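These notes are about the structure you will find just below.
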Amino acid sequence: MSLFACPVCQTMLTPAPRVWACENGHNFDIARQGYVNLLPVQFKHSKQPGDTPESLQARAAFLQAGHFQPLRDALQQCLEQLGPVAASLDLGCGEGYYTEALRDHSDQVIGLDIAKAAIVQAIRQSPKTMQPIQWLVASGAHLPIANKSIDRLLSFFAPLPLAELQRVLKGEGHLIVARPAANHLTSFRKALFGEIIKQDQDTSLTALGEAFQRVFLDTIDFELRLSPESLKQLLIMTPYGWKAQPERRQALIRQVETDGEWTTSASVQLSVWQGKPTL
Ligand SMILES: [Zn+2]
């Protein structure tokens with residue numbers, strides 16, 4: 001059985017060495033880099049959906065420098081406790097920093113993102129000696145994934161399309177979610193806005209609670225020791241950086257260039273969910 005569904009007609013999509021095809025004759029080529037583009041033009045709302053190349057490069061460099069290693073370690077621990085499964089999917093995987101953690105605990109791993117540039121970067125960074133990850137360019141709102149085929153689904157700072165999650169996750173499957181906690185980057189935000197602006201209420205988790213029950217919750221707190229270079233990357237990759245006034249942004253950069261290093265604290269909520277039993 002294929003894990004994949006045609007993004008156009010939803011029938012089974014059969015992977016093959018060069019072209020993936022469904023029974024209705026929709027074909028999807030495997031790109032030279034190895035990913036499959038399952039994003040039909042009608043789902044593509046902009047020429048370059050997803051992150052800009054600039055924010056993508058900044059995030060890739062920031063993550064590769066290991067600043068979020070404590071979160072990946074916490075994910076590893078969580079996966080060890082949950083045990084091995086057949087199929088895992090990283091939804092909105094970006095350049096695959098967390099996708100890699102799924103490998104040791106799953107026979108098949110899929111990394112999916114709407115941004116082609118992110119997937120290309122993921123392939124570039126992914127170790128070639130290990131069991132391969134299937135990388136897909138696709139929409140999270142219309143997952144090209146078969147019904148009830150996924151044991152484990154990751155959404156790290158990515159959308160939570162409730163109906164699609166319910167459709168693709170197996171009954172006993174787990175959903176692992178990472179979201180900024182209330183204290184995430186407090187001193188960073190204070191430096192940029194002069195005060196701690198209350199974060200927008202994250203309604204996606206509330207909506208999730210309607211169909212899923214939370215079986216695990218932890219807050220992962222860790223320090224970010226930032227060089228001027230990594231501070232600039234953080235400013236590009238977070239919404240706080242774009243929203244701040246340019247003068248404040250420049251002032252923070254100048255301060256960190258003078259001091260050589262700056263420390264702020266990250267705080268991330270890691271939660272695991274399971275589908276509510278249907279009555
Ligand atoms: Zn089709």
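Values in this document were obtained by computation on a predicted structure and should not be read as measured data. Each ligand, and each atom within it, is numbered from 1 in the order the structure gives.
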message = Can you confirm whether E247 is buried at CD, in the sense that more than 12 heavy atoms of other residues, nucleotides or ligands lie under 6.0 Å from that atom?
response = yes
Y240 and F193 aromatic ring geometry - parallel, tilted or perpendicular at 30°/60° bounds = perpendicular
inquiry  = Would you say S126 and E100 are linked by a side-chain donor-acceptor pair, where the criterion is simply a distance under 3.5 Å?
reply    = yes
ask   = Between F68 and F157, how do the two ring planes meet: parallel, tilted or perpendicular, split at 30° and 60°?
value = perpendicular
message = Can you confirm whether L165 sits close enough to L91 that some side-chain heavy atom of one is under 4.5 Å from a side-chain heavy atom of the other?
response = yes
ask   = the Zn ion (ligand 1): which protein N, O or S atoms are under 2.8 Å away?
value = C6 SG, C9 SG, C22 SG, H26 ND1
Heavy atoms of other groups near K276 NZ, more than 12 under 6.0 Å = yes
